Amino acid sequence: MWRRVASLSALISSTSNRCFLDQVAYRMSTCKLFSSEVKENPLTLKDLFITFVLGGPGSGKGTQCAKIVETFGYVHLSAGELLRREIASNSEYGSMILNTIKDGKIVPSEMTVRLIQKEMELSNNHKFLIDGFPRNEENRIAFETIIGADPDIVLFFNCPEEEMVKRVLNRNQGRVDDNIETIKKRLQVFKASNLLVVDYYSDKGKLFEIDATGTEEEIFERVRPVFAAFQHDQK
Ligand SMILES: Nc1ncnc2c1ncn2[C@@H]1O[C@H](COP(=O)(O)OP(=O)(O)OP(=O)(O)O)[C@@H](O)[C@H]1O
Ligand SMILES: Nc1ccn([C@@H]2O[C@H](COP(=O)(O)O)[C@@H](O)[C@H]2O)c(=O)n1
Ligand SMILES: [Mg+2]
């Protein structure tokens with residue numbers, strides 16, 4: 001289905017062939033000052049290593065991100081979690097976000113991108129896992145426009161629908177969207193919108209598709225080599 005998914009061997013050969021200076025030149029060409037705030041050592045876009053983490057509801061994105069953070073020292077930003085925090089903070093947008101989440105739909109992109117941007121600017125790290133984002137083309141374009149950056153790589157956790165439903169219904173974290181009615185809507189949105197974005201990054205050769213079945217540990221052993229291969233690529 002994902003015709004142009006980058007394989008690990010393609011990744012290794014492309015990273016070893018790609019000259020460091022080419023990468024710097026590419027990043028400089030897309031570079032804007034990351035923050036308008038005056039900091040002593042402001043991060044610029046060329047310093048960042050951005051990974052988008054995609055997959056259906058319950059495919060295990062959050063679980064695997066925790067392992068990547070522990071092993072490779074990334075900052076984990078879950079778009080859904082940032083939106084839930086916004087609701088909990090009694091923001092003026094809280095009820096709109098809550099209703100959207102209950103309905104399994106996608107919150108207007110500028111809101112989500114601004115929340116991600118704020119967290120990135122507050123961080124002293126430069127390696128980010130952006131989990132559950134972009135969920136649709138509007139999300140993707142808003143990130144490119146507001147942040148002025150593209151992801152370096154994109155992970156896609158591919159999991160059978162039945163298994164995703166089982167995992168979500170067993171999650172037990174009190175989420176308003178972990179019920180069968182909302183899960184059905186989220187799965188529809190996933191198929192109608194998220195997969196277009198997956199295809200987009202596949203066509204760009206940035207996609208790493210991970211089989212998200214099996215135990216958490218088995219899945220992480222499929223994820224590990226992707227990040228291990230990129231360790232030397234990061235500033
Ligand atoms: N490989 C696995 N096998 C069984 N259960 C798993 C596995 N990985 C994660 N889980 C469990 O499945 C549930 C969903 O996982 P997780 O929250 O990581 O998914 P997610 O992709 O972040 O979902 P969402 O998009 O809804 O936030 C959690 O309760 C988690 O503990
Ligand atoms: N880019 C995003 C991400 C999430 N949402 C909304 O939050 C819900 C939960 O997201 P999880 O990643 O934690 O599953 C999701 O169903 C959306 O309603 C969003 O709007 N935009
Ligand atoms: Mg999650």
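In this chain, residues are counted from 1 in sequence order. Just follow the structure's listing: the first ligand is 1, and inside any ligand the first atom is 1. Note that this is a predicted model, so its numbers are computed, not measured.
- Protein heavy atom nearest atom 14 (O) of ligand 2, with residue, atom name and distance: R175 NH2, 3.0 Å.
- Not one N or O of R135 is nearer than 3.5 Å to an N or O of ligand 1, by distance alone.
- The shortest contact between atom 23 (O) of ligand 1 and any protein heavy atom is with G58 N, 2.9 Å.
- Residue D131 has no N or O atom closer than 3.5 Å to an N or O atom of ligand 1.
- Interatomic distance, OG1 of T44 versus NE2 of H126, reported as 11.0 Å (0.5 Å rounding).
- Atom 19 (C) of ligand 2 has its closest protein heavy atom at L83 CD1, 3.5 Å.
- Residue contacts with ligand 2: R84 is placed with a nitrogen or oxygen under 3.5 Å of a nitrogen or oxygen of the ligand (distance criterion only).
- Proximity to G56 (heavy-atom distance under 4.0 Å) selects the following atoms of ligand 1: 21 (O).
- Shown in contact with K105 at under 4.0 Å from a heavy atom are these atoms of ligand 2, numbered in order with element: 17 (C), 18 (O), 20 (O).
- Between P134 and V197, the closest heavy-atom pair is CG-CG1, 3.5 Å.
- Per-residue contacts place V107 under 4.0 angstrom from the following atoms of ligand 2 (heavy atoms of the residue considered): 19 (C), 20 (O).
- Counting only non-hydrogen atoms, the option in R84, R171, Q64, E163 that gets closest to atom 24 (P) of ligand 1 is R171.
- Salt bridge absent: E86 and K118 never bring a charged side-chain N and a carboxylate O closer than 4.0 Å.
- Remark: ligand 2 and K61 share no N or O pair separated by less than 3.5 Å (distance only, no angle test).
- Considering only non-hydrogen protein atoms, atom 8 (N) of ligand 1 sits nearest to E216 CG, 3.6 Å.
- The nearest protein atom to atom 25 (O) of ligand 1, hydrogens excluded, is given as K61 NZ, 2.6 Å; this is a heavy-atom distance.
- Heavy atoms of G214 approach ligand 1 to within less than 4.0 angstrom.
- Here the SG-CG distance, from C65 to L155, works out to 7.5 Å after rounding to the nearest 0.5 Å.
- Near R186, with a cut-off below 4.0 Å to any heavy atom, the atoms of ligand 1 are 24 (P), 26 (O).
- Once rounded to the nearest 0.5 Å, the distance linking CD1 of I68 with CZ of F220 reads 6.5 Å.
- Contact between I130 and I50 at its shortest, heavy atoms only, is CD1-CG2, 4.0 Å.
- At a threshold of 4.5 Å between non-hydrogen side-chain atoms, the residues H76 and E119 do not count as touching.
- Look at E181 and K185 and you find no salt bridge, because none of the NZ, NE, NH1 or NH2 atoms lies under 4.0 Å from a carboxylate O.
- Within the 4.0 Å heavy-atom cutoff, S59 counts among the residues contacting ligand 1.
- Numbered from 1 in the order shown, with element, the atoms of ligand 2 that lie under 4.0 Å from a heavy atom of F133 read 1 (N).
- The distance from ligand 1 to the heavy atoms of P57 drops below 4.0 Å at these ligand atoms: 25 (O), 26 (O).
- Distances shorter than 4.0 angstrom do not occur between any heavy atom of G55 and any atom of ligand 1.
- Within the 4.5 Å cutoff, the side chain of I87 has heavy atoms near those of the I101 side chain.
- Taking distance alone, with nitrogen or oxygen atoms compared against 3.5 Å, N139 approaches ligand 2 more closely than that limit.
- Not a single heavy atom of V168 sits closer than 4.0 Å to an atom of ligand 1.
- Summarising the geometry of F190 relative to G55, their closest heavy-atom pair is CE1-C, 3.7 Å, with the distance given to 0.1 Å.
- Residue I219 has no N or O atom closer than 3.5 Å to an N or O atom of ligand 1.
- Sorted by first and then second residue, the ring pair (Phe, Tyr, Trp, His ring centres under 6.0 Å) pairs involving residues 131-150 (not counting sequence neighbours) are F52-F133, F52-F143, F133-F143.
- Ranking the protein heavy atoms by distance from atom 13 (C) of ligand 1 puts R167 O, 3.8 Å first.
- For V189, no heavy-atom contact with ligand 2 is shorter than 4.0 Å.
- Using a 4.5 Å heavy-atom threshold, the side chains of K67 and V223 count as separate.
- Every atom of ligand 2 with a heavy atom of R186 under 4.0 Å away is listed here by number and element: 14 (O), 16 (O).
- Taking a cutoff of 4.0 Å between a charged side-chain nitrogen and a carboxylate oxygen, R84 and E81 qualify as a salt bridge.
- The shell of residues lying under 4.0 angstrom from ligand 1, judged by heavy atoms, includes R175.
- Atom CG of N139 sits about 9.5 Å away from atom CD of E137, to the nearest 0.5 Å.
- Counting protein heavy atoms only, atom 12 (O) of ligand 2 is closest to R135 NH1, 3.0 Å.
- For the atom pair OG (S123) and CG (L77), the distance works out to 7.5 Å, reported to the nearest 0.5 Å.
- Close approach of ligand 2 to G132 is summarised as follows: ligand atoms under 4.0 Å from at least one heavy atom of the residue are 1 (N), 2 (C), 3 (C).
- Taking atom 19 (O) of ligand 1 as the reference point, the nearest protein heavy-atom neighbour is G60 N, 3.2 Å.
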| task | Run the numbers on L54 and L195 for side chain to side chain contact (heavy atoms under 4.5 Å, CB included), then give the verdict. | result | CA-CA 9 Å; L54 305 179; L195 288 178; over 6 Å; no
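- Of the protein's heavy atoms, T63 OG1, 3.6 Å lies nearest to atom 15 (O) of ligand 1.
- The backbone N or O of K102 lies less than 3.5 Å from a partner atom in the side chain of T182, making a donor-acceptor pair.
- Of the options N194, V168, I106, V113, the smallest heavy-atom separation from atom 21 (N) of ligand 2 is shown by I106.
- When ring centroids are compared, Y74 and F227 come within the 6.0 Å threshold.
- Inclusion of A212 in the set of residues having an N or O under 3.5 Å from an N or O of ligand 1 is not warranted.
- A heavy-atom separation below 4.0 Å is found between T215 and ligand 1.
- Shown here for N136 and S109, the closest heavy-atom pair between the two residues is OD1-OG, 4.2 Å.
- Closest protein heavy atom to atom 22 (O) of ligand 1: G62 N, 3.0 Å.
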